[in-house]
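Single-structure report; data block below.
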Amino acid sequence: GNLPLRRALAMAIDREPLVKYVRQGLYQPAYTPVPPIRGYAAPRPAWAGLPEADRHALARRYYAEAGYSAARPLRIALYYPTDTDNRRTYEAVAAMWRANLGAEVATYNEEFRVQLNERHLHQLPMFHYAWIGDYPDPNTFLQLFRTGFGYNDGGYSNPRYDALLDQANATADAAARDALLARAEALLDDDVAAIPVY
């Protein structure tokens, strides 16, 4: 529910060094939920292009706006499926949140099936979420955030978003459809429905 906090957390992650050093350069930094798909121009949040120091300063402003400070840090748990790469990734993310915001994030690994069940039951405050597209189209990723969709484990719900997806899926012209999907994805970015990492 706390939009300034979600914005602060999204902005405080340094994705380039994370991908280069922790993920051995095997992935691309992500700022939006839809990965690179030929012909689709994903909307990039304005803050993604800021120099690191400016982005961190903006993240700290949102963190303070959310009601957190050095004296009253955010304390939250982040869950991920048991895996060495995941452990290194989320320990690095937690360290960035500690260094750039002062947040105290505890990371916990769980067996994948256990985590999946807890996610579906909306029992986790923050968790790892990965998706492999069934087909090369933005919709296979964007549908994950549709109200009531079976894999919408974050519980995101925005009627404007759902309407844009409906409109896009009823549009035959490819370019017009992509433009509607990009508008929908820009809403996700604005609402910080998820925090894409790589």
Side-chain angles (χ1 to χ4, degrees), residues 1-11 13 15-16 18-19 23 26-50 55 62 78-81 83 86 89-90 93 112-198:
N2 192 330
L3 182 59
L5 177 61
R6 294 198 310 271
R7 286 183 172 156
L9 293 171
M11 291 175 192
I13 298 173
R15 290 158 178 82
E16 278 75 9
L18 182 77
V19 165
R23 301 303 304 210
L26 298 174
Y27 299 88
Q28 293 180 32
Y31 294 91
T32 57
V34 176
I37 293 175
R38 192 195 326 248
Y40 176 73
R44 208 172 137 101
W47 57 262
L50 292 174
R55 182 168 43 78
Y62 279 118
L78 168 59
Y79 293 82
Y80 62 88
D83 171 278
N86 282 340
T89 299
Y90 290 109
V93 167
F112 181 69
R113 284 196 185 130
V114 172
Q115 197 205 33
L116 199 59
N117 188 48
E118 290 176 347
R119 270 175 26 194
H120 287 333
L121 295 170
H122 305 289
Q123 293 177 336
L124 303 177
M126 193 161 39
F127 54 86
H128 163 90
Y129 190 104
W131 189 257
I132 296 170
D134 305 305
Y135 46 94
D137 186 86
N139 190 62
T140 189
F141 296 94
L142 298 177
Q143 70 181 350
L144 299 172
F145 300 95
R146 184 187 277 281
T147 303
F149 186 73
Y151 292 98
N152 183 355
D153 294 339
Y156 178 73
S157 181
N158 182 332
R160 281 170 58 218
Y161 179 77
D162 297 341
L164 283 166
L165 287 193
D166 290 340
Q167 201 181 338
N169 291 327
T171 301
D173 180 77
R177 179 177 177 272
D178 280 355
L180 288 164
L181 292 173
R183 278 175 57 200
E185 191 174 13
L187 267 184
L188 289 184
D189 296 343
D190 237 27
D191 289 344
V192 196
I195 298 174
V197 180
Y198 63 84

Please name all residues satisfying ring-ring contact (aromatic ring centres under 6.0 Å, His included) with Y80, sequence neighbours left out, ordered by chain then number. Y90
Q28 atom CD, over 12 foreign heavy atoms within 6.0 Å: no
Could you report the tightest heavy-atom contact between V34 and A42, atom names first, then the distance? O-CB, 4.4 Å
Just distance, no hydrogens or angles: give the donor-acceptor pairs under 3.5 Å from side chains in residues 189-198, sequence neighbours left out.
| unit_1 | atom_1 | unit_2 | atom_2 | d |
| --- | --- | --- | --- | --- |
| D191 | OD2 | Y156 | OH | 2.6 |
| D191 | OD2 | N158 | ND2 | 3.0 |
| Y198 | OH | R23 | NH1 | 3.1 |

One should read off an interatomic distance between N169 CG and N139 CG, to the nearest 0.5 angstrom, of 4.5 Å
Sequence neighbours excluded - salt bridge (charged side-chain N to carboxylate O under 4.0 Å, His left out) pairs with any residue from residues 142-158: R119-D153, R146-D166
Do side-chain atoms of W131 reach the backbone of P33 as a donor and acceptor pair under 3.5 angstrom? no
Kindly compute the distance separating CD (Q115) from OH (Y129), expressed to the nearest 0.5 Å. 11.0 Å
Starting at NE2 of H128, measure out to OH of Y79 and round the result to the nearest 0.5 Å. 15.5 Å
side-chain contact (heavy atoms from CB on, under 4.5 Å) partners for P35, two or more places apart: F141
Could you pull out the closest heavy-atom pair between L165 and A184, with the gap in Å? CD2-CB, 4.1 Å
Compare all side-chain heavy atoms of V114 with those of E118 and state whether any distance is below 4.5 angstrom. yes
Hey, mind stepping through N117 and R113 against side-chain contact (heavy atoms from CB on, under 4.5 Å) and telling me if it holds? CA-CA 6 Å; N117 188 48; R113 284 196 185 130; over 6 Å; no
H122 and G155: which non-hydrogen atoms are nearest, and at how many Å? CE1-N, 4.0 Å
What's the spacing between T89 OG1 and L18 CG if we round to 0.5 Å? 5.5 Å
All pairs passing salt bridge (charged side-chain N to carboxylate O under 4.0 Å, His left out) where residues 131-145 contributes a residue, at least two apart: D137-R177
Heavy-atom pair of closest approach, residues P43 and A186: CG-N, 3.6 Å
With rounding to the nearest 0.5 angstrom, report the CG to OH distance, L187 to Y161. 8.5 Å
Might you point out which heavy atoms bring D173 and A176 nearest each other, and give the distance in Å? OD2-N, 2.8 Å
So which pairs with a foot in residues 37-50 pass side chain to side chain donor-acceptor pair (under 3.5 Å), sequence neighbours left out? Y40-E185
Are more than 12 heavy atoms, taken from residues, nucleotides or ligands other than L121, located less than 6.0 Å from that residue's CG atom? yes
Closest contact, heavy atoms only, P4 versus Y62: O-CB, 3.3 Å
When rounded to the nearest 0.5 angstrom, what distance separates CG in L116 from CZ in F127? 10.0 Å
